[in-house]
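One structure is given below, encoded as structure tokens.
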Amino acid sequence: MPAPVVDLDRVVVTYGGGLFGRGGFQAVKAISLQIAPGQTVGLVGESGSGKTTLGRVCLGLQPLSSGTMRFCGEAFGALRQRRGQLSVVLQHPEWALNPRLRCGRSVEEPLVILGMPAKERRGRVAAMLENVGLDAGFAERFPGQLSGGQRQRVAIARALITEPRFIVFDEAVSALDVSVQAQVLNLIRELQDRHGFGALFISHDLAATRYISHRIAVMYQGEFVEVAEAARFYGTPEHPYSRKLMATIE
Amino acid sequence: MFSIFGRIDRLSRFGFGLLVFLILLGLIGPYLPLGDPMRIGAGPRLSSPSWLFPFGTDELGRSFLPRVVDGIRATFLLSAVAVIITAIIGTLLGMVAGFFGGVADQVVARGADILFSFPAILAGLLIAAVMGPGQISAIAVISVATLPLFIRVVRSVTLGLASRGFIVAAQVAGASPWRVMIVHILPNIIGAVIVQLTYALSIGMIIESALSFLGLGGQAPYASLGSLLRQGSAYLTFAPWLVLSSGAVLSAAIMAVNLTGDAVRDALEPLKGRSLT
Amino acid sequence: MRILLYFLPKLIFASITMLGVSALVFLALRMIPGGYADVLLGPFVTPEAREAIAVRYGLDQPLLVQYLNWLGALFQGDMGVSMVTRAPVLDEFLRRAPVTLELALLALAFALAGGLPLGILAGIAPPGHRGGILARLVGALGASVPDFVLGSLLIFVFSVWSLWLRVGGYVSPIEDPVGNLRTMLLPALTLSLFGIALVLRTTRDAVLRVMTEGYITTALARGERPFDIIRLHVLRNSAIPIITVVTTYFGFLLGGAVVVEVLFSIPGIGFFIFSGLENRDYAIVQAGVLIAAAVFISINMLADLAYALIDPRVGSGRH
Amino acid sequence: ADDTIVWGKPGEITGFDAHVAGTVASWQMYQMVYETLLTTDDSMALQPGLAESWEQTSPTSYVFKIRPGAAFSNGRAVVAADVIGSLMRIKNPETASYWTAQLGTIAKIEAPDDHTVTVELEAPHTAFLAALAHVTAAIMPIKELEEGSFDPTSQLMGSGPFMVANHKQDESWSLTKNPHYWRKDATAPETLSALIIPDDSARMAALRDGRIDFTTFSNPDVALMLARDSNIEVLPQQTTNYYRMDVNAKSETSAFHDIRVRQAFNLALDRDAINDLVFAGSTTVDYPVPAAFGKDACHNTSTYALSREDRLSKAKDLLAEAGKPAPEITIMATSADPVYGRIAQVAQQSITEAGFKVDIVQPPVAEYLDKVFTKGEFDVSLSWLAGYTDPSMVIAWWNPNFAIWNQSFQEDVPALDTALEEVKSLPDGEIRDTKLVEICDMIDDGANLLALVSRTDYIAYRSDTIEVKVAKRSGSSNTFQFIYDFKSLD
Amino acid sequence: MNNIVSCEDLVITYQSSNGPVRALDGVDLTIAEGETLAIVGESGSGKSTLGMAMGRLLPSEAGREAGRLEVDGMPVFDMARDDLRRLRRDTLGFVFQNPMVALDPTMRIGRQMQRAMGRRARAEDIHALLERGELDDPERVANSFPHQLSGGMAQRVVVAMAIARSPRLLIADEPTASLDASIQDKVIGTLCRLRKESGASLVILSHDVHMIARHADRVAVMYGGRIVEQGTTARVLGAPVHPYTRALLKAAAGHEKPGEWLTPIPGTPPLLTGRCAACSFEPRCSVSRDICRSSRPKPRTVEEREVLCLLAGSEAERKEVAQ
Ligand SMILES: Nc1ncnc2c1ncn2[C@@H]1O[C@H](COP(=O)(O)OP(=O)(O)OP(=O)(O)O)[C@@H](O)[C@H]1O
Ligand SMILES: Nc1ncnc2c1ncn2[C@@H]1O[C@H](COP(=O)(O)OP(=O)(O)OP(=O)(O)O)[C@@H](O)[C@H]1O
Ligand SMILES: [Mg+2]
Ligand SMILES: [Mg+2]
């Protein structure tokens, strides 16, 4: 079995605190988690339970207060060394893309950062846009001329263009309409089958999460209260909080 | 550009038109048959407005109209140079403060506070005293007075942008901080900067003319609208046209800038009202 | 407690700012060409005379020593003596403070009386409403006519037609209250035009912003009368930006009304600092700028306090 | 209704010490409080002051009789010790008085009795008496000074018509009549208050609305501006003062290091244009020996005698000869008085015609003084010069060994120095006049300190509220020397 | 049965900087006294516009172009200001999407409640009302500022305020969309309980089909500014006849089996600038015919519900459903 893409070991994140670092707030409390290549872990929980913080940890954006984070079996290092290996898709479609860049340019950006020659880039962008179900003409459009679903597709295209090993989706579909949500969810599933990236799918919508995830972690006040196979959430989950969430989709 | 023009109301359009007119006048003024602004003794001293001297003559017998036209250019040019320099510095500092946070933010924010807690005109007096009166120190004064404006706005807009998806995505993709700032942040704050720029320009024009009025701005015979006012104010009751004409043109110029600023802002971040019924 | 926690860092930052201001002023003054010796002696300065005066005022010591001496004295409430009158600077300031304060309060009163109602009107007037356009015009005009232009205009009008008001000079309100008003009204009006525009524009913006908020819709939905909505929701919620500019403006009036004080020959703080600078009277300028900055900063802290009282979210860490 | 007159004072004093301060704004206030041994009359002839009589017993010795009734405002009579103490204080280097040199070198000063002072000079010094007539030689209450009850650096106390009752800096002065003033027939009112109003327009407004009764202006146009007001009179007072330009001969970086460029500059200056355009023709072209003294010592030097065309072509020739057909220069004038800016601009236009490239800067006074007299960092500086009451006093300025403050920019011409030394001791008369002509030629040739036009003071007052007495001519900025004869009409 | 709302051919247009937007394109709807009606539809279909129109709370750039809207027998768009205010105060109650925005941040909850209840409300009344809204510690809540409450609590406050004067019509625009999944159901439960107690009518505007299925008596599906299908919840959601309703249900996650794929609706909803002359769903419809492109559907009754579809109930359509 290959090494997990992301391997968290008793990770703790403390925010703020007074002038001398006292009295901080533990947003993530000693969490351990492994995400295998090609696997999606869903993360659900109420607002403020620490989901986003955990996502930032997996991306190497959040300094740890204690614990370790390993990426593909190695220490994480600096973000710059991991160029092209990680991606993220966030909530708010209207903030997902730089409104001043044409969509093609946005999708291309990670390749530019990687230092890929321009000729090669062009072909990759066109192919990627097609992959997410947008015709090549979208490359020339500005985000303002796109619907929310289309924007989120472009954001996904940008996230996938470097064929990363790991992607975080933080509330990536929460702001979308049901119909569009289904489009995007299907897209992520298809692309994962094809590219085999590991993923962390953060949402407070259990229905969408269990549709897309292999495993689901339920977070409550900075801790996992339940981690189980997604199929489990079609039956009766163990933890009362999980059951409460289930009630909303019946 | 034209779509912006179409969206703004009549008052703003008037201001924009006035601005264009004044700038054009300042630019082509020297080529218009208005007379020589420098010619001492071109007419009798302190004569009231006439066909020959539409704004009258000053105490050295110079025709005042071409001097006012010259003053428009001087005032605009100096303030614009000052404000643009300041905008560049302020934008950079504000972006660094907002994006990096931490110590950089503290230093920049405290610096801005210190500058801000000097009343502009006091700072102006001090700077003009240190550097000697003249255009350079007027530019410095305007910079000191308007720098906090840019820093504050850019910093807060940058802070707001920092958590946006495209910024985070770029960071995750491994972009260097400078790349993020130049490619992703800068183009998105430029609107806010432009709005500040117009306001700073009007503040700059007020400061420039106030300094000139106190005798600390550009030096005679170079004439900005403020120094013309100072010149005329010695003859306020006897030759009021000197103060009235230069004062009116100065006020009109500042108003044109202000109204244009309003228009730009309304176009960039429209504030719709709501009726109370 | 919330307010205390919110305030403490601000106090610390304010002191840092004051220290920065003091160092800046001190340095700036030492860099100014020409000294008091030049002013006192006119053209007849000789190196000996300059030296004698430098020794008399301790200007012959190293800069750092001078600065520390000054700071040390400041902490004991000693601001030094004026070189011209050799009187304690503090006394001179205390004598002038009421003049400037009166001017500032008058101007502020005019600014609020004119700017607030017009601003609210402009904020709630439907697009194209005549009152709204008038208000915007006043705002544009007020922000555009520099004080010395308006001041000159008023001086012209009131010196040609000697209407009841007087141009320039100062009369103590204790000796002659009516005379005081006659001399102070014009400069106060001159200073207030910009204030009116400032308050008006800020109020309009703030009101417009508040009007789009959900709680206004809520209030409408529960059938409140327009007057009540303005009174209960609009005013309070638009207060913060208004307080911000009003305090900044007041701070400016207290320290920076130099042009108008010079124009109308009003012996206030601004004029004092201005002539102190002309005379290279270091102690006056140092103390003056420092006082102006201190007043400005304290007023801003008062404003911060006002925010905390008005908006319960301020300082609670949640917005 | 009360016995008060109000003076609109254009500027605050720059210090209290009458023996030190060198500005007119200070002098005018000192004159209200202090007296000098001698004073001058309408035609600038010396008159008794605190000394009711004096006698020159030899070319170097003088005897002064102090006026018996004179007393300081605290009631103590003025005695010989006060005179001696005051003069010695001026002489004391620690006081740092610029007047030291004008007094000549005093060998011995003694008081045979309380009312007699004898002075022995080391060498004849014609201007000695005139120097005593300037307010800088004010007689102070030395006893009180020594006791420590009077501090001349923060108080004014003299034997003059008024004493200070109240002072608010930059705002106002209140002076009351000195009850012990010796001139018992003085009509001066009980109170003289002064309001500090620097701005010309504001001062005019104050005059119109009656807040002040009298004031002074330097701008001749005020007469025009106040002409419509029938209750305001404007009196011109001719002075020996004149506007002048200093040209920096010392600085290596200045084009004026070359004497030919200086001469060209002097020739190209159009003094008539300055008179016409700045002063509306109300003043006169002036000379190193001021016109007000009635001497014509300098009138025939080439700068003044040639026609404008000749002067211009001569100037161009000189520039060509110097190899600098278009020297770039900056005229520095202070921002203290708008008149300077106007003179500078007219000068700029006239010398541009000779090929000069001219800039103008108007820094504040302190900076101007620093740059000119201390650092010598300027090309041309514009200011005015007090002509005092004797030609030899003002002309002494051309000797940098005397006017040491000019050393930063003035070239030392030994021949001129000698001549100036000589003229100091020559009594007024034909021999001296011939010497003055000789000196004028040398001055003109050096083109280092240039006289422009004379400076007239304009005293404006409310004819319906006060009666004033003003000298037609004044030599020591002694504008209000007859203040004791001013009268309140209401 | 009396109708609290009756709406005929209501057309509402926004004047925006990019030209007019026709948000409602002829809405026909009646709401009976005491019933719970849910209006579902994609974003931009006009739900909020319709809801706000019932209190004439639309922003000033919105205008009624045609049609009639009566609430409690009063013509909302043609009444005097004071009457309108009285209608809002006494007859209507609104619950908005985000409680944090709907409450004035600078005013204590108690004071805001009092404004809603009327001047004579005493502290006990306020506490009682809060208690009815299932807020456990009414005293503390009344003394709090909005930011001191959690989202769920704040929304309950808003609900309590909405029923303060026992309105006859409650309008809830996405009342739970801004809340956590785990408390959504509880809040909506509170709302429905209070409605039942007061016997008012309730209109829920939402795009959450699951939630609607549990709480509404009747469902109206909106698309392109019109109501395309309306009927009882069981009929409309259990056996939809409009292709749009069917597609909407198929796209919503929650009813699929593990491993099953969702079926999204292709394309995007229309943005109308004028009267739509055809079926507005036609471009995205999987069963559309030529006729759908040329004529505007009129309300028809098919299988005991009102439908706006030219094909509903036809042969071809039935075949499609069978597949
Ligand atoms: N930069 C920060 N500084 C201090 N506290 C923070 C910061 N970011 C988040 N927190 C706090 O940490 C906790 C967890 O936040 P996080 O954003 O991870 O929650 P979440 O589960 O993503 O919530 P949501 O569903 O609302 O997005 C919250 O209580 C939040 O207030
Ligand atoms: N103020 C406005 N100016 C211009 N167009 C508007 C305005 N408000 C709404 N619209 C447009 O009117 C149409 C209907 O909007 P409405 O808000 O009623 O939809 P909705 O069904 O409530 O959508 P959502 O589920 O997103 O709340 C949309 O196309 C929208 O873009
Ligand atoms: Mg989150
Ligand atoms: Mg809506």
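Every value quoted in this text rests on a predicted model; they were computed, and no experiment measured them. What's counted below: heavy atoms across the whole structure, side chains too, no hydrogens, waters or symmetry copies. Letters go in sequence order (proteins before strands), and every chain restarts at 1.
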Please identify, among C:A239, C:G214, C:A219, the residue contributing the most non-hydrogen atom pairs under 4.5 Å to chain E. C:G214
Name the member of E:N98, E:T106, E:V158, E:L92 that forms the most heavy-atom pairs with chain C at distances under 4.5 Å. E:T106
Side chain / backbone / both / neither for E:R111 at chain C, heavy atoms under 4.5 Å: side chain
Flag side-chain contact, heavy atom, 4.5 Å: E:V27 against E:L24: yes
For E:S201 and E:R168: C-alpha separation, side-chain torsions, deciding distance, then whether side-chain hydrogen bond (donor to acceptor under 3.5 Å, both in side chains) applies. CA-CA 6 Å; E:S201 309; E:R168 312 255 306 287; over 6 Å; no
Salt bridge flag under 4.0 Å for residues E:D104 and E:R115: no
Residue from E:A116, E:G55, E:P105 scoring the most non-hydrogen pairs under 4.5 Å with chain C is E:P105
From the options E:L37, E:L10, E:N3, select the one residue that forms a side-chain contact (heavy atoms from CB on, under 4.5 Å) with E:L29. E:L37
